Amino acid sequence: MLVSTNVSYNIFAKYIEQEDIFNDKKTLSSSFIPQKISHRDAELNQMGSILAPALKGYHPNNIFVYGTCGTGKTICTKFIISHLQEIIKQSGKSLRSVYINCKMKKVADTEYRLFAQLLKEMGECVPDTGLPTDVLYRRFFERVDSKPSTLIIILDEIDALVKKVGDDFLYNLTRINQELKRSHITIIGITNDLSFRDNLDLRVKSSLSEEEILFKPYNAVQLRDILMERADGGFRPGVVSDTVLGKCAALAAQEHGDARRALDLLRVAGELAERAGEPSIAENHIDMAQQKLDMDRVTETVRGQPSQSQAVLYSIIKCQEKADNQKAWTDKRLLTGDVFDNYLAVCKAGGMKPLTQRRISDLIGELDMLGIITAKVISKGRYGRTRDISLAVKEEPLAKIKTLLQERFG
DNA sequence: AGTCCACAGGAAGGGCAGGCGA
DNA sequence: TCGCCTGCCCTTCCTGTGGACT
C-alpha cells in the first residue's frame, strides 16, 4: 500500500510541480464560439440580413451555406443565431433553434432519426425506433405550432442525409411550414458539397426558395490571425511564438485553409510540449502533433468499423504486401476480385462467415469514403470492369492499423 | 462492328432486433 | 402477448458499362 502511494507520488509529482502552459484549453477547441469572428464579416452580414425578418416576426428565407472543411460555416451560423436569439429575447418574442449534425451515426442518418432528434432537442421524449414516421411528423408539427415563434433548424452536413435518404424530408419540412398557423420554420443547411443544390429534385428546389452563402477557404495570413486570437486566451503568455503560429497556419493552409486543422495542431502541440515538461511550444512539437493527428484519425476510424469491414481492410493490406513482395506480379494493381479472394481466406482462417461479393463491393466503397483506401472504377477491356484499389494511409498509421488487425485476424 | 469479361451498382425483399399500443 | 411499425444488414437478381480482343 505504502509502495503504491510512493509510486503514485513519483509518477504525478513532476506534473504537480510543473507550470501549466494552458490558460483556458477550451478556447483552442474548434467548437468554441469566440466573442468575435475574424475574416468572416461579409458572410456574417449576409446571413444576418437574410435572418433579420425574424426580428419583426416575419419568416426568414431558408439558407444553404457552402464551403470546404474548417472554413467557419458552422461556427458563424451558431454565432449569428445566438446573437439573434439574444436580441429577440430582449424584445419579448420567441426564437427557437435546433442544431443537428446529420453525419453523426445513429443521430440523424435516417428520416425517422432526424425527426426523433428534432423532437428530443425540443424536449419531447421519443423512442429510437418503433413509431411510424407520420406519427413523428404529426408530433413535430404539434410541438412547433404549440406557441407562436420562429424555429430555425440548422442541418449540418445536410448532403450526407440527402445522399442517404433522399430529399423528400426537405420537401416535407417545407410542406409543414405551409400548414403551420402560429409558427414558421427556417432551414439552414450546411454542406461541403458545392454541387449539393444541383442534385436536388426540382420540386424540392422550388419549394425551398433558399438563399446561398459561400465560405471561401482561409489563407495562411488569415489562419495566423485566428490562431493568434485563440492562443491569446488559450495559452499563458510566452508559450507560443510567432514562428510556431506561422507554421501551424502554413500547414493548415496547405490543407484547403482548414481552421479546424490549424487549431487542432496548435492544441495538440501544446499538449505534447506540456507532457515533455517544456515551458513553451517548439516547431518540432507541431511536426509531432501533425503525425499524431493523422495517426489518431485513421486508427480510431478503423477501430470503430464493424468486423467485416476490418476483415476487408486486412485483406487489402495483405494483398498490397503480396503485390509489393512478388516481383512476378507485373501488374501491381489490386482489383476487387483479388481482395475478395483474400477476404475469403481471412474469413476461413478467422472462423468468420463470409459475406457475398456484392456486399464486399459496398464495404470497399465505404472504406474509400472514409479515406482509408482509394478505389477507382476502371475497365480492363475484355478482362472486365473492376475497381483499382490502393491504401490511402501513410506508413506510420498503416503499421499501427496492421498491428491492430493482425491481433484480430492474424 | 460485335463480342466478351468482371465486375459496378440499383432494386427488391428477407430476417432480425426493438419499441409502441391494444 | 401479438401485430405493426421502424432501422439495419444482408442476399439475390438483374442490367449496365467500357475498353481489349476478334
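First the proteins, then the strands, lettered A, B, ... as listed; each starts at 1. Keep in mind that the numbers below use all heavy atoms, side chains included, and drop hydrogens, waters and symmetry copies. As the structure is a prediction and not an experimental result, all values here were calculated from the model.
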*D156(A) pairs by side-chain hydrogen bond (donor to acceptor under 3.5 Å, both in side chains) with which of T74(A), T191(A), N101(A)?*
T74(A)
*Please give, in whole Å, the distance from dA6(B) P to I389(A) CD1?*
16 Å
*Rounded distance (Å) that lies between atom P of dG9(B) and atom CG of L363(A)*: 13 Å
*Minimum-distance nucleotide to R358(A) side chain [options: dC10(C), dG9(B), dA8(B)]*: dG9(B)
*When you measure from every atom of DNA chain C, which of residues 344-353 of chain A have a heavy atom less than 4.0 Å away?*
none
*Any ring-ring contact (aromatic ring centres under 6.0 Å, His included) involving residues 355-398 of chain A? Give me the pairs, sequence neighbours left out, ordered by first then second residue.*
none
*Can the ring centroids of F235(A) and F22(A) be said to lie less than 6.0 angstrom from one another?*
yes
*asked:* Once you measure the plane-to-plane angle for F79(A) and H83(A), does it fall in the parallel (<30°), tilted (30-60°) or perpendicular (>60°) bin?
replied: tilted
_Residues Y99(A), E121(A); criterion side chain to side chain donor-acceptor pair (under 3.5 Å); working and verdict_ = CA-CA 8 Å; Y99(A) 171 86; E121(A) 294 280 340; over 6 Å; no
*Length of the line joining D388(A):CG and dG18(C):P, which is rounded to integer Å*: 17 Å
*Taking all non-hydrogen atoms of both residues into account, name the closest pair between A249(A) and L223(A) and its distance.*
O-CD1, 3.5 Å
_The side chain of V377(A) is closest to which nucleotide in this list: dC7(B), dG9(B), dT12(C)?_
dG9(B)
Within the sub-3.5 Å range, which N or O atoms of nucleotides 20-22 of chain C have a protein N or O partner, and how far apart are they?
| unit_1 | atom_1 | unit_2 | atom_2 | d |
| --- | --- | --- | --- | --- |
| dA20(C) | O4' | R382(A) | N | 3.3 |
| dC21(C) | O3' | R382(A) | NH1 | 3.1 |

*Under the side-chain hydrogen bond (donor to acceptor under 3.5 Å, both in side chains) test, which residues partner R387(A), sequence neighbours left out?*
S361(A)
*side-chain hydrogen bond (donor to acceptor under 3.5 Å, both in side chains) contacts touching residues 397-410 of chain A (sequence neighbours left out)*: E321(A)-K402(A)
For nucleotides 15-17 of chain C, give me every protein contact, N/O to N/O, under 3.5 Å, one pair per line with atom names.
| unit_1 | atom_1 | unit_2 | atom_2 | d |
| --- | --- | --- | --- | --- |
| dG16(C) | N2 | R385(A) | NH1 | 3.4 |

